[in-house]
Amino acid sequence: MSGQRIDDGPVLIDLGEDPTPNPADAPPVAEPDAAPTGQAMQTVAALAGRQPSPLAKWFWRLLGTLVVFFASIALWDWVTALVARNEVLGWAALGLVGLFVLVCLAIVVREVAALARLQRIEALHVEADRVAAENDLGAARKLTDRLIRLYSGREDMRWGIDRLRAGTDNAFDADTLLGLAEDALLVPLDARARREVEAAARQVATVTAIVPLALADVAAAFTANLRMIRRIAEIYGGRSGTLGTWRLTRAVITHLVATGAVAVGDDLISSVGGGHLLSKLSRRVGEGLVNGALTARVGVAAIEVCRPLPFVSAERPRVTGLVRRALTGLFDKGGTGPT
């Protein structure tokens with residue numbers, strides 16, 4: 001061993017081809033093939049349009065009755081025991097309970113009045129359809145009088161009411177009179193309702209695009225649509241309360257589900273981007289655009305439900321136009337996201 005010479009240099013092992021992969025040779029990451037479906041609005045439609053069973057209705061009614069009954073007994077026993085212990089504190093507690101009951105009664109009266117007003121507008125809409133179908137001038141004059149009474153307490157409607165009264169004598173058929181009422185009273189309200197729909201569609205699209213949380217887009221779509229429907233009802237004179245808003249929401253969503261207008265179709269895809277825009281955007285932005293467009297569909301349905309007259313001579317709002325005005329410029333393809 002002493003006669004051998006050991007080379008201290010590096011030992012090179014030839015492995016033939018280089019096994020290290022080249023990043024440039026890696027295949028590109030495939031984008032998801034599925035088009036945006038507007039899952040948030042689909043979930044909102046399913047929740048709002050679901051009809052509870054009669055058994056579930058009776059369960060919640062009885063549960064609420066039992067809770068109110070036993071809470072009333074417990075509160076009464078507490079007040080009487082406090083009166084027996086300290087008369088001043090007992091009467092003070094009784095006064096507070098009385099005030100609370102009065103506030104609850106006021107809330108109930110307001111909700112009942114709101115529901116009655118919504119039913120009044122619904123009756124006007126049904127009557128207008130009948131008058132237009134039969135071309136009954138006498139009934140049309142009575143209908144316009146009811147419309148004037150509906151809006152007589154609003155300062156912003158005074159000019160339209162005066163214009164309608166001045167032109168009533170010059171109308172010699174029902175269609176002309178209904179068209180005059182629509183142009184004088186409802187066309188300005190239609191413009192305000194369109195702006196509410198555009199604002200709600202823009203909000204839903206923005207939140208869906210920038211918030212990565214799983215249920216945040218559903219919550220944003222639900223609250224935005226509820227607020228939009230309530231404001232549209234107030235614009236047309238509905239003044240809906242909590243129960244009235246929920247009733248309107250269920251009516252609107254049920255109508256959309258029944259007609260299939262909540263489903264995402266080719267007309268909706270073209271309305272939000274002109275054919276191929278969604279394929280060029282990120283998945284999240286595409287979902288936002290579709291959810292915004294579906295919100296616009298809900299808004300159009302809400303306008304038709306809350307309007308006291310059907311569209312006679314005025315232009316019916318179109319989802320395509322609302323979506324373009326609401327979402328044009330919202331997403332900058334050259335930037336980082338929503339502006």
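One-based numbering along the sequence shown.
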Report yes if some heavy atom in the side chain of Val197 is under 4.5 Å from a heavy atom in the side chain of Thr295; otherwise report no. no
Taking Ile161 as the starting point, is it possible to reach Trp159 by hopping between hydrophobic residues whose side chains are less than 4.5 Å apart? no
Are any of the side-chain heavy atoms of Tyr236 and Asp190 separated by less than 4.5 Å? yes
Nearest heavy-atom approach of Glu127 to Ala139 is OE2-CB, 4.3 Å
### Salt-bridge criterion met for Glu304 and Arg316 (N-O under 4.0 Å)
yes
Applying salt bridge (Lys or Arg N to Asp or Glu O under 4.0 Å) to Arg192 and not counting sequence neighbours gives Asp156
Next on the checklist: For Arg154, is the CZ atom crowded, meaning more than 12 foreign heavy atoms sit under 6.0 Å from it?
Outcome noted: yes
d(Ile229 CD1, Glu196 CD) to nearest 0.5 Å is 12.0 Å
Residues joined to Ile107 in its hydrophobic cluster, side chain to side chain under 4.5 Å directly or through other members, sorted by chain and number, are Val103
- Query: Can you find a pair of side-chain heavy atoms, one from Leu63 and one from Phe59, that are under 4.5 Å apart?
  - Reply: yes
Between Val323 and Ala296 the two heavy atoms that sit nearest each other are CG2-CB, 3.7 Å
d(Cys306 SG, Arg230 CZ) to nearest 0.5 Å is 12.5 Å
**Asked** Mind checking whether Val101 and Leu94 sit in one hydrophobic cluster, side chains of I, L, V, M, F, W, Y counted as touching below 4.5 Å?
**Response** yes
So side-chain hydrogen bond (donor to acceptor under 3.5 Å, both in side chains) across residues 133-151, not counting sequence neighbours, yields Arg130-Glu134
Identify each donor-acceptor pair in which a side-chain atom of residues 171-184 lies under 3.5 Å from a protein atom, sequence neighbours left out, and give them as a table.
residue: Asp173; atom: OD1; partner: Asp175; partner atom: N; Å: 3.2
residue: Asp173; atom: OD1; partner: Thr176; partner atom: N; Å: 2.8
residue: Asp173; atom: OD1; partner: Thr176; partner atom: OG1; Å: 2.9
residue: Asp173; atom: OD2; partner: Thr176; partner atom: OG1; Å: 2.9
residue: Glu182; atom: OE1; partner: Val312; partner atom: N; Å: 3.3
residue: Glu182; atom: OE1; partner: Ser313; partner atom: N; Å: 2.7
residue: Glu182; atom: OE1; partner: Ser313; partner atom: OG; Å: 3.2
residue: Glu182; atom: OE1; partner: Ala314; partner atom: N; Å: 3.1
residue: Glu182; atom: OE2; partner: Arg307; partner atom: NH1; Å: 3.0
residue: Glu182; atom: OE2; partner: Arg307; partner atom: NH2; Å: 3.0
residue: Glu182; atom: OE2; partner: Val312; partner atom: N; Å: 3.0
residue: Asp183; atom: OD2; partner: Arg163; partner atom: NH1; Å: 3.0
residue: Asp183; atom: OD2; partner: Arg163; partner atom: NH2; Å: 2.3

So CZ of Arg227 and OG1 of Thr223: to nearest 0.5 Å the spacing works out to 5.5 Å
Note: Pro310 and Ala128 closest approach over all heavy atoms is CD-CB, 3.5 Å
Do Pro317 and Ile303 come within less than 4.5 Å of each other through their side chains, counting heavy atoms only?
yes
query: With no hydrogens and no angle check, is any side-chain donor or acceptor of Arg194 less than 3.5 Å from a backbone partner on Leu322?
result: no
For Arg325, the salt bridge (Lys or Arg N to Asp or Glu O under 4.0 Å) test, sequence neighbours excluded, returns Glu198
Here the gap from Leu115 atom CG to Arg110 atom CZ, rounded to the nearest 0.5 Å, amounts to 11.0 Å
Taken to the nearest 0.5 Å, the spacing of Leu186 CG from Met157 CE works out to 6.5 Å
Query raised in the report: Are Leu150 and Val126 linked, directly or through other ILVMFWY residues, by side chains that come within less than 4.5 angstrom of each other?
Result: no
Worksheet item: Can Val305 be reached from Phe311 by stepping across I, L, V, M, F, W or Y side chains whose heavy atoms are under 4.5 Å apart?
Response: yes
Taking CZ in Phe100 as the centre, count heavy atoms belonging to other residues, nucleotides or ligands within less than 6.0 Å. Is the count above 12? no
Exercise. Salt bridge (charged side-chain N to carboxylate O under 4.0 Å, His left out) between Arg231 and Glu234: does it pass, once the steps are laid out?
Worked result: CA-CA 5 Å; Arg231 288 179 178 175; Glu234 291 174 352; over 6 Å; no
* So Leu309 and His125, side chain to side chain contact (heavy atoms under 4.5 Å, CB included) or not? Walk me through it. -> CA-CA 5 Å; Leu309 290 182; His125 193 103; 5.9 Å; no
Heavy atoms of Pro188 and Leu185 approach each other most closely as CD-O, 3.8 Å
Here the pair of heavy atoms bringing Ala326 nearest to Arg202 is O-NE, 3.0 Å
Crowding at CG, Leu66 (>12 non-hydrogen neighbours, <6.0 Å) | yes
For residues 67-85, which side-chain donor-acceptor pairs fall under 3.5 Å, sequence neighbours excluded?
residue: Ser72; atom: OG; partner: Val68; partner atom: O; Å: 2.7
residue: Thr80; atom: OG1; partner: Trp76; partner atom: O; Å: 3.0
residue: Thr80; atom: OG1; partner: Asp77; partner atom: O; Å: 2.9

